[in-house]
Novice: 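Submitted below is the structure of interest, expressed as structure tokens.
In the text below, chain A, chain B and the rest are named by the order of the sequence lines, each starting its count at 1.
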Amino acid sequence: MLDVKLVRENTAKVIDALKRRNYDPSILDNFLKIENERRELLRVIEDRREQRNKLSQEIARLKRDKKDASSILNEAKNISDSISEKEERLRLLEEQSAQELLLIPSIPHDSVPVGKDEAENVEIRRWGTPRELDFPPLNHWDIGEMLGIIDFDRATKIAGARFSLMKGMGAKLERALMNFMLDLNTAKGYKEIFPPLLVNRNAMTGTGQLPKFEMELFRTVDPEFYLIPTAEVPVTNIHRDEILNENDLPIYYTAYTPCFRREAGSYGQDTRGLLRQHQFNKVEVVKFVKPENSYDEHERLTNDAEDILKRLCLPYRVIALCTGDMGFASAKTYDLEVWLPGQQRYREISSCSNFEDFQTRRAGIRFKREGKKGTEFVHTLNGSALAIGRTVVAILENYQQKDGSVSIPDALKPYMGIEAIK
RNA sequence: GGAGAGGUGGCCGAGUAGGUCGAAGGCAGCCGCCUGCUAAGCGGUUGUGGGGAUAAAACUUCACCCAGGGUUCGAAUCCCUGCCUCUCCGCCA
């Protein structure tokens, strides 16, 4: 969420940001109106409280001296009554103000291309050349089923649509990829984390999945938990409501977790194959950094994700999302898109975002500078490094051979122990 | 699942017949003093968030003793609910 003060005192800047994001700036009007009334009322209430506190002290003094306090006591009671009346109104205003504030998206960084939708995203760079095939490429689901390593029919029997059953070398490929990615990330200084996969409401709210995206989440009943849609949630929440020391930063984490998503509203999209599942594996990286470093860290985080694709020799491109296509909380996002021969196009395999202080303000993650008073909000970044299911897709499709086998990328051979899946 | 105990500031730890308690004391931190170094010692200081005031401070005020309600003129202290932690028994990967 944004800083209330910023919205209040620098409204023009926020309006400009909303316009660039293709949002209707009038969503601010209500917020500002509520905020004004809230502050006015707050001042009145605090004034009354001061009066009451003084009277209470007076009462205490009188009682200690065994003197009569009944008249002043009455006065205090009256003030108290009038306070609680106003407090009710204040509570309502606070609630509304907070709700309105949560609807305002973050401010895009100046370097983010302005645009309406994904059509105006900007390609930053390309790496690798798609292989020339002397045979018609197959889709990964055909490859997977022919090799007997992915079983969609039985997954449907066990769970339902949008689930998959990995078998034999397919299952091993998943495991090989998570180890490969974790090993690579930890070698770069990311600390490995294995977090809870079910989290409480506070955690989901802290990173912004709630209340806005309730429909995207799986939830348990009694007791109530949410299944994480990404490791970003539990890992970012590691430091929720903490005040870190300046020299604790930067903090780099990497975590492998399964991810669970309802995919509500995506009916008809990517219904076949592994691309869009209710459950998928992902290795995530999360950074907590000082504000002045966050854009530098963003580039490096993106490079780290790219490095995995390079080592797997998978052609990809880097896309800067435009203002209209960026996520609600992000100030800048690069998507990594990998080449899929089966679809003859690039598809997202990683998303690397800088949230600046948008998440940490909400989650209460601050730090203290050496020798300075007060606290500042930490900046957070995260990215997939990488989505494993989609990496499997990319490997199957890019490494498919004419005879129907799939060779194993060199970097993975130590993890797979074989040269090819036949 | 059964039976108990408890959640206080960066940490440890006081504070229950409700009243100058934002909270004693200790440790850690910071500033100064002292001692030729080190250690010790002495004095002072150190929470977070919001509002007002200010050029900015100083200043002032409100809130915060797990969370949310309640009682009261007044609650860290009393009552209810929830969450969490710990100990013992049972069960279990």
Side-chain angles (χ1 to χ4, degrees), chain A residues 1-10 31-32 34-102 194-206 210-211 219-226 234 237-249 251 357 359-378:
Chain A
M1 72 185 165
L2 291 182
D3 184 1
V4 187
K5 269 192 192 158
L6 177 80
V7 181
R8 212 166 57 204
E9 292 165 13
N10 219 334
F31 170 76
L32 290 171
I34 292 166
E35 219 1 63
N36 276 336
E37 190 187 341
R38 185 188 71 82
R39 274 199 313 154
E40 236 165 83
L41 187 60
L42 183 65
R43 205 166 1 167
V44 173
I45 287 177
E46 293 198 334
D47 216 60
R48 293 285 169 86
R49 280 179 182 157
E50 187 184 352
Q51 286 176 41
R52 186 197 61 194
N53 288 348
K54 289 203 167 126
L55 289 181
S56 284
Q57 282 178 24
E58 186 62 25
I59 291 169
R61 201 171 309 129
L62 289 173
K63 290 225 165 166
R64 210 177 308 115
D65 298 344
K66 310 265 190 246
K67 285 182 186 156
D68 176 55
S70 54
S71 76
I72 193 173
L73 206 140
N74 237 330
E75 193 184 336
K77 185 168 170 48
N78 286 337
I79 294 180
S80 252
D81 287 347
S82 90
I83 290 177
S84 40
E85 216 173 277
K86 293 187 194 313
E87 273 176 339
E88 217 166 294
R89 173 77 184 151
L90 181 69
R91 210 177 314 171
L92 186 74
L93 289 170
E94 280 173 343
E95 216 169 276
Q96 289 176 347
S97 166
Q99 249 171 23
E100 292 289 328
L101 188 61
L102 291 182
F194 189 70
L197 307 179
L198 273 62
V199 302
N200 57 38
R201 214 185 152 78
N202 281 343
M204 279 297 179
T205 309
L210 291 178
R219 188 180 54 187
T220 66
V221 188
D222 194 28
E224 186 182 274
F225 287 111
Y226 290 88
N237 274 283
I238 289 175
H239 297 294
R240 178 157 50 97
D241 293 325
E242 289 185 11
I243 300 175
L244 304 167
N245 290 320
E246 180 176 14
N247 50 27
D248 291 335
L249 301 173
I251 297 172
D357 59 6
Q359 288 183 323
T360 52
R361 176 168 291 108
R362 196 167 181 170
I365 305 172
R366 292 167 290 170
F367 77 104
K368 214 180 178 70
R369 287 197 198 266
E370 209 70 45
K372 272 196 145 181
K373 274 196 86 87
T375 58
E376 291 175 54
F377 287 104
V378 172

Novice: Heavy-atom count check: over 12 atoms from other residues, nucleotides or ligands less than 6.0 Å from A/R240 CZ?
Specialist: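 Check passes, neighbour count above 12.
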Novice: Between B/C66 and B/U77, how far is it from one P atom to the other, in whole Å?
Specialist: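 Pairwise P distance, B/C66 against B/U77, rounds to 8 Å.
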Novice: By nearest atom, which of the nucleotides B/G49, B/C73, B/C62 is closest to the A/R49 side chain?
Specialist: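 Out of B/G49, B/C73, B/C62, the nucleotide with an atom closest to A/R49's side chain is B/C62.
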Novice: Can you tell me, in whole Å, how much space there is between the C1' of B/C11 and that of B/G29?
Specialist: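 Straight-line distance between the two C1' atoms is 12 Å.
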Novice: Do A/V378 and A/I251 come within less than 4.5 Å of each other through their side chains, counting heavy atoms only?
Specialist: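 Of all side-chain heavy-atom pairs linking A/I251 with A/V378, none is under 4.5 Å.
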Novice: Sort out the partner of B/C34 for me: Watson-Crick or G-U wobble, both distances under 3.5 Å, none otherwise.
Specialist: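 Answer to the pairing question: none, since B/C34 forms no Watson-Crick or G-U pair.
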Novice: Can you see if the side chain of A/S80 gets near the phosphate of B/U72 - specifically, an N or O under 4.0 Å from OP1 or OP2?
Specialist: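 For B/U72, neither OP1 nor OP2 has a side-chain N or O of A/S80 closer than 4.0 Å.
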Novice: RNA chain B: A/R43 or A/L73, which has the more 5' nearest nucleotide?
Specialist: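 That would be A/R43.
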Novice: Does any nucleotide pair with B/A63 by Watson-Crick or G-U wobble geometry, both distances under 3.5 Å, and what is it?
Specialist: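 Looking at the geometry, B/A63 pairs with B/U48.
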Novice: Is the distance from OP1 or OP2 of B/G52 to the nearest side-chain N or O of A/R39 less than 4.0 Å?
Specialist: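 Looking at the OP1 and OP2 atoms of B/G52, one of them is under 4.0 Å from a side-chain N or O of A/R39.
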Novice: What nucleotide, of B/G51, B/G74, B/G69, holds the atom closest to the side chain of A/R52?
Specialist: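 It is B/G74.
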Novice: Measure from the side chain of A/L42, starting at C-beta and using heavy atoms only, and say which of B/C62, B/G50, B/G52 lies closest.
Specialist: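 Of the options given, the side chain of A/L42 lies nearest B/G50.
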Novice: Roughly, in whole Å, what's the span from CD1 in A/I365 to C1' in B/U48?
Specialist: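 That distance rounds to 16 Å.
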Novice: In whole Å, what separates the C1' atom of B/G43 from that of B/C37?
Specialist: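 These two C1' atoms come out 24 Å apart once rounded.
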Novice: Is the shortest side-chain N/O distance from A/R366 to OP1 or OP2 of B/G49 below 4.0 Å?
Specialist: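 Yes.
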Novice: Round to the nearest Å and state the distance from A/L55 atom CG to B/C62 atom P.
Specialist: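 The answer, rounded to whole Å, is 12 Å.
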Novice: Which heavy atom of A/P234 sits nearest a heavy atom of A/V199, and at what distance?
Specialist: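 Smallest heavy-atom distance, with atoms named: CB-CG1, 4.2 Å.
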Novice: Starting from C1' on B/G50, measure out to CD on A/E87 and report it in whole angstrom.
Specialist: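 That distance rounds to 15 Å.
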Novice: Find which nucleotide of RNA chain B each of A/R91 and A/K368 is nearest to by heavy atoms, and output the residue with the more 5' nucleotide.
Specialist: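 Closest to the 5' end, via its nearest nucleotide, is A/K368.
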Novice: Should we say atom CD of A/E87 is surrounded by more than 12 heavy atoms from elsewhere, each under 6.0 Å from it?
Specialist: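 Yes, because the 6.0 Å sphere around CD of A/E87 holds more than 12 heavy atoms from other groups.
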Novice: Searching all strands shown, indicate the nucleotide that pairs with B/C86 (Watson-Crick or G-U wobble; both distances under 3.5 Å).
Specialist: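 Pair assignment: B/C86 / B/G4.
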Novice: Do other residues, nucleotides or ligands put more than 12 heavy atoms under 6.0 Å from A/E88 CD?
Specialist: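 Not more than 12 within 6.0 Å, no.
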Novice: Rounded to the Å, how far apart are A/D81 CG and B/U72 C1'?
Specialist: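 Taking atom C1' of B/U72 as the reference, CG of A/D81 is at 11 Å.
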Novice: Using purine N1 to pyrimidine N3 plus N6-O4 or O6-N4 for Watson-Crick, or N1-O2 and O6-N3 for G-U wobble, each under 3.5 Å, what pairs with B/A55?
Specialist: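 Across all strands, not a single nucleotide pairs with B/A55.
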Novice: Considering only the P atoms, how many Å lie between B/A23 and B/C79, rounded to the nearest integer?
Specialist: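 25 Å, rounded to whole Å.
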Novice: Can you check the distance between B/G70 and B/G7, where both ends of the measurement are the P atom (answer in whole Å)?
Specialist: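 It comes out at 24 Å once rounded to the nearest Å.
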Novice: Using a heavy-atom cut-off of 4.0 Å across all strands, would you classify A/R361 as base, sugar-phosphate, or nothing?
Specialist: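 Since no nucleic acid heavy atom lies under 4.0 Å of A/R361, the category is nothing.
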Novice: Using the P atoms only, state how far B/C73 lies from B/A57, rounded to an integer number of Å.
Specialist: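 Result for the P pair: 40 Å, nearest Å.
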Novice: For B/A75, what is the paired nucleotide under Watson-Crick or G-U wobble rules, both distances under 3.5 Å?
Specialist: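 Pairing partner, where one exists within any strand: none, as none qualifies.
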Novice: Which part of the nucleic acid does A/N53 contact within heavy-atom distance under 4.0 Å: base, sugar-phosphate only, or nothing?
Specialist: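 Sugar-phosphate, backbone atoms only, no base.
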Novice: Identify whether any heavy atom of A/K5 sits under 4.0 Å from a base atom; if not, whether one sits that close to sugar-phosphate; answer base, sugar-phosphate or nothing.
Specialist: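 It contacts sugar-phosphate atoms only.
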Novice: Answer whether the closest heavy-atom distance between the side chains of A/M204 and A/R201 falls below 4.5 Å.
Specialist: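 The answer is no; the side chains never approach within 4.5 Å.
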Novice: In whole Å, I'd like the distance from the CD1 atom of A/I243 to the C1' atom of B/A28.
Specialist: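 Spelled out: CD1 on A/I243 to C1' on B/A28 is 16 Å.
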Novice: Applying a 3.5 Å limit to both distances, which nucleotide forms a Watson-Crick or G-U wobble pair with B/U20?
Specialist: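 Base-paired to nothing in any strand shown.
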Novice: Just how far, in rounded Å, is C1' of B/C62 from NZ of A/K86?
Specialist: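 Taking NZ of A/K86 and C1' of B/C62, I get 16 Å after rounding.
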Novice: Pick the P atom in B/A28 and in B/C12, then give their distance to the nearest Å.
Specialist: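 After rounding to an integer number of Å, I get 15 Å for this pair.
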Novice: With distance as the sole criterion, do the side chain of A/Q57 and the base of B/G74 form a donor-acceptor contact below 3.5 Å?
Specialist: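 Answer is no: no donor-acceptor pair is held.
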Novice: Remember a base hit wins even if backbone is also touched, and classify A/A76 as base, sugar-phosphate or nothing at under 4.0 Å, heavy atoms.
Specialist: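 The answer is sugar-phosphate, as A/A76 gets under 4.0 Å only of primed atoms, P, OP1 or OP2.
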Novice: I need the single residue from A/T360, A/N237, A/I243, A/D241 that forms a side chain to side chain contact (heavy atoms under 4.5 Å, CB included) with A/I365. Which is it?
Specialist: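 Only one option passes, and that is A/T360.
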Novice: Over how many whole Å does the gap from A/I83 atom CD1 to B/A63 atom C1' extend?
Specialist: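 Whole-Å distance recorded here is 13 Å.
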Novice: I want to check one thing: is the phosphate of B/G49, taken as OP1 and OP2, less than 4.0 Å away from some side-chain N or O of A/T375?
Specialist: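 For A/T375, the contact criterion (side-chain N or O under 4.0 Å from OP1 or OP2 of B/G49) is met.
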Novice: Name the nucleic acid region contacted by A/I59, choosing base, sugar-phosphate or nothing; use a 4.0 angstrom heavy-atom cut-off, strictly under.
Specialist: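 Base contact.
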Novice: Nearest to the side chain of A/E46, which nucleotide is it out of B/G51, B/C73, B/G47?
Specialist: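 Minimum distance to the A/E46 side chain belongs to B/G51.
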Novice: Using a 4.0 Å heavy-atom cut-off across all strands, classify A/R61 as base, sugar-phosphate, or nothing.
Specialist: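 If one applies the 4.0 Å heavy-atom cut-off, A/R61 turns out to touch nothing in the nucleic acid.
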Novice: Specify the separation, in whole Å, of atom NZ of A/K67 and atom P of B/C73.
Specialist: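 In whole Å, B/C73 P and A/K67 NZ are 22 Å from each other.
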Novice: Under 3.5 Å for both donor-acceptor distances, Watson-Crick or wobble: does B/C27 have a partner, and if so which one?
Specialist: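 Because both required distances fall under 3.5 Å, B/C27 counts as paired with B/G10.
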Novice: Please report the distance separating the P of B/A24 from the corresponding atom of B/U85, rounded so that it comes out in whole Å.
Specialist: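 Their P atoms lie roughly 30 Å apart.
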Novice: Kindly indicate whether the side chain of A/I45, heavy atoms from C-beta on, has any atom under 4.5 Å from the side chain of A/L90.
Specialist: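 In contact.
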Novice: Counting side-chain heavy atoms from C-beta on, which of B/G51, B/G47, B/G19 comes nearest to A/A60?
Specialist: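 Side chain of A/A60 sits closest to B/G19.
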Novice: So does A/R8 get a side-chain nitrogen or oxygen closer than 4.0 Å to the phosphate oxygens (OP1/OP2) of B/G51?
Specialist: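 Looking at the OP1 and OP2 atoms of B/G51, one of them is under 4.0 Å from a side-chain N or O of A/R8.
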Novice: Within the 4.5 Å heavy-atom criterion, are A/K86 and A/R89 side-chain neighbours or not?
Specialist: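 No; the side chains remain at least 4.5 Å from each other.
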